[in-house]
Amino acid sequence: AQSVTQLGSHVSVSEGALVLLRCNYSSSVPPYLFWYVQYPNQGLQLLLKYTTGATLVKGINGFEAEFKKSETSFHLTKPSAHMSDAAEYFCAVGPYNAGNMLTFGGGTRLMVKP
Amino acid sequence: DGGITQSPKYLFRKEGQNVTLSCEQNLNHDAMYWYRQDPGQGLRLIYYSQIVNDFQKGDIAEGYSVSREKKESFPLTVTSAQKNPTAFYLCASSILFSGKLDNEQFFGPGTRLTVL
């Protein structure tokens with residue numbers, strides 16, 4: 001069985017500050033990990049994914065995430081927040097069967113203050 | 001441009017009525033998925049399909065039905081048996097390659113269903 005925990009349903013940062021969104025997972029098999037972003041009333045867009053190889057993954061819009069197996073974590077970071085980063089972020093782990101299934105965390109809403 | 005379309009964007013229905021949400025993709029993806037999104041609960045899987053004319057229940061299939069008559073289409077029907085249907089519904093698709101399981105899911109823009 002797989003599960004994802006995102007610590008903090010709401011995170012608020014000032015513009016220009018570091019963004020850190022936390023994701024911890026559990027998986028009985030080597031995981032593939034994903035971060036998605038959702039803007040209001042829209043679908044989800046892939047930010048980045050970890051499959052194999054380098055544990056530091058760079059994504060779009062200046063975001064990156066580091067896979068730490070010993071900590072079962074895949075935290076998302078961005079050095080300097082921009083107002084346009086305000087959105088909801090979802091961490092996902094998968095797959096858990098040949099259907100390419102994903103398990104999603106509950107989401108973290110990022111608010112950016114001017 | 002390739003992508004996933006969902007229609008309508010907003011949908012209203014009266015209690016006791018069935019309603020069908022459309023999902024079409026032109027990405028030539030094998031697998032398609034329906035999720036329900038409620039505030040603070042993330043995404044919950046309703047149904048998924050890996051191949052035409054076949055589909056499986058997800059975690060919250062009760063009160064929903066689907067069909068997969070064509071590779072590019074995966075409509076979801078919300079029946080009157082669904083006790084609390086007001087939610088945001090997301091359709092997704094992905095490639096399925098044998099031995100390659102790290103393919104991300106691509107999402108449509110969603111349909112917001114409100115039961116009056």
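Sequence lines set the chain letters: A, B, ... in the order given, protein chains first and strands last, and positions in each chain run from 1.
Near-neighbour residues of residues 75-87 of chain A relative to chain B, defined by a heavy atom under 4.5 Å from a heavy atom of that chain, are none.
Under the 4.5 Å side-chain contact rule for hydrophobic residues, A:V13 and A:Y39 share a cluster. If you chain together hydrophobic residues whose side chains sit under 4.5 Å apart, B:I60 and B:F88 never meet in one group. No chain of hydrophobic side-chain contacts below 4.5 Å, direct or via other Ile, Leu, Val, Met, Phe, Trp or Tyr residues, connects A:I60 to A:L20.
Applying the side-chain hydrogen bond (donor to acceptor under 3.5 Å, both in side chains) test to every pair with at least one member in residues 10-25 of chain B, sequence neighbours left out, gives these pairs: B:T20-B:T77, B:E24-B:S73.
Residues meeting the side chain to side chain donor-acceptor pair (under 3.5 Å) test with A:K58, sequence neighbours left out: A:E64. Applying the ring-ring contact (aromatic ring centres under 6.0 Å, His included) test to A:Y25 and every residue at least two apart in sequence or in another chain returns nothing.
B:Y48 is listed as a side-chain neighbour of A:M101, based on a closest heavy-atom distance under 4.5 Å. Residues B:Q37 and A:F104 are not in side-chain contact: their nearest non-hydrogen atoms beyond the backbone lie 4.5 Å or more apart. Side chains of B:L43 and A:L44 form a contact here, defined as non-hydrogen atoms less than 4.5 Å apart. B:Q105 has its side chain within reach of A:Y36: a pair of non-hydrogen atoms, C-beta onward, lies under 4.5 Å apart.
Crowding of B:R112 atom CZ: a count of heavy atoms from other residues, nucleotides or ligands under 6.0 Å exceeding 12. Environment of CG in A:L18: crowded, with over 12 heavy atoms of neighbouring residues, nucleotides or ligands closer than 6.0 Å. Residue B:K9 qualifies as enclosed at atom NZ: its count of foreign heavy atoms under 6.0 Å is above 12.
In this structure, chain B has a heavy atom under 4.5 Å from the side chain of A:Q38, while its backbone stays farther away.
Counting heavy-atom pairs closer than 4.5 Å to chain B, the top residue among A:G43, A:G105, A:A92 is A:G43. For the set A:E88, A:R109, A:Q45, A:Q42, the count of heavy-atom pairs under 4.5 angstrom toward chain B peaks at A:Q42.
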